[in-house]
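In what follows, a structure is listed as structure tokens, so that the remarks can point back to it.
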There are 2 protein chains.
Amino acid sequence: MANGDIPEDANGHCPGTQSDSAGKSDACQGCPNQEACATAPKGPDPDLVVIAERMANVKHKIFVLSGKGGVGKSTFSAQLSFALAAMDFQIGLLDIDICGPSIPKMLGLEGQGIRENNLGWSPVYVDGNIRVISIGFLLPGPDEAVVWRGPRKTGLIKNFLKDVYWNELDFLVVDTPPGTSDEQISIVQFLGATGIDGAIIVTTPQQVSLIDVRKEITFCKNVGVKVLGVVENMSGLCQPLMDFKFMRMTETGEHTDISEWVREYLREKAPVLQNLIACSEVFDSSSGGAEKMCREMDVPFLGKVPLDPQLCKAAEEGRSCFIDNKCQLSAPALKTIIEKLIENNGFSRMLVDSA
Amino acid sequence: MANGDIPEDANGHCPGTQSDSAGKSDACQGCPNQEACATAPKGPDPDLVVIAERMANVKHKIFVLSGKGGVGKSTFSAQLSFALAAMDFQIGLLDIDICGPSIPKMLGLEGQGIRENNLGWSPVYVDGNIRVISIGFLLPGPDEAVVWRGPRKTGLIKNFLKDVYWNELDFLVVDTPPGTSDEQISIVQFLGATGIDGAIIVTTPQQVSLIDVRKEITFCKNVGVKVLGVVENMSGLCQPLMDFKFMRMTETGEHTDISEWVREYLREKAPVLQNLIACSEVFDSSSGGAEKMCREMDVPFLGKVPLDPQLCKAAEEGRSCFIDNKCQLSAPALKTIIEKLIENNGFSRMLVDSA
């Protein structure tokens, strides 16, 4: 962006805040920022050079974004990291959700802390292949609120990039908070010059989420970050019928739990129903969901992941969903999506080497 | 807070940014903000006086907060407004989620705009009793991204408070984005002097959400906003058994939809199961959920709302869930919660008057 340093609400003929004549040209007369521009230090941010050095050994940088919160972005980031690590990639997982960090819990790292040594801040390790950084590791207690305005959040994100010693990484996965504000603008500015592979956008099939995803895609296009693809999460709840609880509504409108009786009945009188899987749409997807939106916005659709209570449980407990068969309904879907991501983007080199 | 104008990272003996000796006392020597403090205008923000005038006719101010996004905060705000409006209260619904406004959609107001007249900005009306303000009404198109850092978001929130002509309101319901950053800090600062009744905090039973709710409660305690109560949303999915889809897993791991056959079977061979309601926990609540957390944090627990696909649908379509019987599983729960809220806080005066 040649004119990136001209504020969008600037007066006409603004020379740009980084220009030598900033605050001094004729057009600056009467501008409320004249003095700030005339006295501010010029030239590129020297911290960007430090960040570029830190990132020199990071092969791929992927952002995980969402328009709306609570769509499973951190769950996806965590499971993506587990999956890539299981393929022998070296993963860095950077949580830049400053006010609501979920990553420590989702990797089973609650109560851990960041150490410092002569190479910089040292991330928290999981299983050897995953290195994690989150503000969660810096807080004195889990109830502690981080009541920070934008500049302070931006400052910490910069620290995470310039002070952390990641060593060599195949992937730096950046888990972001929802929205298109300080955190997202800053991470793009800080990493822009080092090469960003792109962003994965997570959504639910709900229209309220899809509306915000469209904003997120517009943001990516505006700042020049490639959309690697969209994942539709919580795409219907699927669960073995026998795992449900069953209620009967009484005449007074109250519910009585008759699960035991129903399960017994199914076993004895209707065994043909026993092994069924019951699915609910949960979120209305009559508008066509993420797949249709992707066609309209011309970005790749990576696939759907059902709302699987077992996946929620794995996330809460900080476990990979790929190591056992508990997440039988969601893990295969996630695996397909991650394989598609790797294949679409030619990320598979190291995997082939090590095979 | 007597020392509210002393920055928390200030040097010792900082006289405070609002003090007459700001930037001029001995302690200011060497402080990077010395010049800013010495030259900045002193005294209270004159806009706060304008806001106080606008708020003089607003009886109650309630914030709807959440730590994590996607827990149903906007759905709750919208349905709370519908419920209060149906009780003949005059409601203002202010959406301060600047980057991801959901309120226009959830009140069926997409494509509407804010008008200006000699009294100020005019909110969008719903059914006579609800007046709505959201950045969604100011955007040229629904895909438009709002890529704003904190100060600009704060500026717009101030505009919403000082420029909107709300007229007389029983309740101003403020729907916030997730977190504890610019939007939350600003709304508390702007409305603090006018009297804030308190905040309702919405969460899911998930631990990742409860962790963030604890932060939100800490925030409320720190800034002196009363917690009116916590609502546990998406507290298990409940749905009539006949509304589910049924799948059979084939030997190759694929799913075949056999819903028609199962429904037929239930009708003919197991009619006793036909009218059952099937519930799934969805989010693991073995940790005790919001109720236990409320006891630990000593704040009121208002109740649980099940994850009801019909409520999601009503929200997507911008409808009240109280006007028909479609949301049979969630609407009664919401109603009980809202009645409890009104009763606990003595909000019922006007209702009694008009009865």
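So that the names make sense, note that chain A is the first sequence line, chain B the second, and so on, each numbered from 1. The figures here come from the full heavy-atom set of this structure, side chains too, leaving out hydrogens, waters and symmetry mates. Please read all numbers here as calculations on a predicted model, not as lab measurements.
- In terms of non-hydrogen atom pairs under 4.5 Å with chain B, the most contact-rich of A:Glu317, A:Lys73, A:Glu216, A:Lys313 is A:Lys313.
- Among the candidates B:Ser259, B:Pro332, B:Ser186, the residue making the largest number of heavy-atom pairs closer than 4.5 Å to chain A is B:Ser186.
- Atom SG in B:Cys279 sits 8.0 Å away from atom CG in A:Asp257 (nearest 0.5 Å).
- When heavy atoms are compared at a cutoff of 4.5 Å, A:Ile258 approaches chain B solely by way of its side chain, counted from C-beta outward.
- With a 4.5 angstrom heavy-atom cutoff, A:Ile98 does not touch chain B via any of its atoms.
- The nearest pair of heavy atoms linking B:Asp182 to A:Gly150 is OD2-N, 2.8 Å.
- Contact annotation for A:Val71: neither backbone nor side-chain heavy atoms come within less than 4.5 Å of a heavy atom of chain B.
- For a residue to count as touching a neighbouring chain, one of its non-hydrogen atoms must lie under 4.5 Å from one of that chain's; by this rule A:Leu307 touches chain B with the side chain only.
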Is there a side-chain contact (heavy atoms from CB on, under 4.5 Å) between A:Leu273 and B:Phe246 once you walk through the steps?
CA-CA 9 Å; A:Leu273 302 181; B:Phe246 297 95; over 6 Å; no
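- When heavy atoms are compared at a cutoff of 4.5 Å, A:Glu316 approaches chain B solely by way of its side chain, counted from C-beta outward.
- Taking both residues in full, the closest heavy atoms of B:Gln328 and A:Met249 are given as OE1-CE, 3.3 Å, listed atom of the first, atom of the second, then distance.
- At a threshold of 4.5 Å between non-hydrogen side-chain atoms, the residues A:Phe244 and B:Ile277 do not count as touching.
- Within the 3.5 Å criterion, the main-chain N or O of B:Ala145 finds no donor-acceptor partner in the side chain of A:Thr180.
- Proximity to chain B is limited to the side chain of A:Leu329, based on heavy atoms less than 4.5 angstrom apart.
- Note on B:Lys269, B:Gln310, B:Gln239, B:Arg248: by heavy-atom pairs under 4.5 Å with chain A, the leading option is B:Gln239.
- B:Ile211 places a side-chain heavy atom less than 4.5 Å from the side chain of A:Lys105.
- If you measure heavy-atom distances from A:Asp284 to chain B, the contacts under 4.5 Å come from both the backbone and the side chain.
- Residue A:Leu276 touches chain B through both its backbone and its side chain, counting heavy-atom pairs closer than 4.5 Å.
- Of the atoms belonging to A:Ser209, not a single heavy atom falls under 4.5 Å from chain B.
- Residue A:Ile185 touches chain B through both its backbone and its side chain, counting heavy-atom pairs closer than 4.5 Å.
- Atom CD of A:Glu144 sits about 14.0 Å away from atom CZ of B:Phe219, to the nearest 0.5 Å.
- For A:Lys221, the NZ atom sits in a packed shell: over 12 heavy atoms of surrounding residues, nucleotides or ligands are nearer than 6.0 Å.
- The shortest non-hydrogen separation linking B:Leu237 to A:Leu237 is CD2-CD2, 4.2 Å.
- Interface remark: of the candidates B:Val272, B:Thr75, B:Asp308, B:Val272 forms the most heavy-atom pairs closer than 4.5 Å to chain A.
- Proximity to chain B (any heavy atom under 4.5 Å) is shown, for A:Gln207, by both the backbone and the side chain.
- In this structure, chain B has no heavy atom under 4.5 Å from any part of A:Leu311.
- Of the residues considered (B:Ala315, B:Gly67, B:Gly179, B:Pro142), B:Pro142 shows the highest number of contacts with chain A, using heavy-atom pairs under 4.5 Å.
- The shortest non-hydrogen separation linking B:Ser102 to A:Val208 is CB-CG1, 4.2 Å.
- Comparing B:Met106, B:Met247, B:Arg149, B:Arg214 by how many heavy-atom pairs each has under 4.5 Å with chain A, the most go to B:Arg149.
- For the pair B:Asp143/A:Lys215, no side-chain contact is recorded, criterion being any heavy-atom separation below 4.5 Å from C-beta on.
- Residue A:Cys312 touches chain B through its side chain alone, counting heavy-atom pairs closer than 4.5 Å.
- Heavy atoms closer than 4.5 Å to chain B are found nowhere in A:Glu183, neither backbone nor side chain.
- Of the two parts of B:Leu139, only the side chain, counted from C-beta on, holds a non-hydrogen atom closer than 4.5 Å to a non-hydrogen atom of chain A.
- Ranking B:Gln206, B:Glu281, B:Lys68 against chain A, the residue ahead of the rest is B:Gln206, based on heavy-atom pairs under 4.5 Å.
- Side chains of A:Ser181 and B:Lys153: a donor on one and an acceptor on the other come within 3.5 Å.
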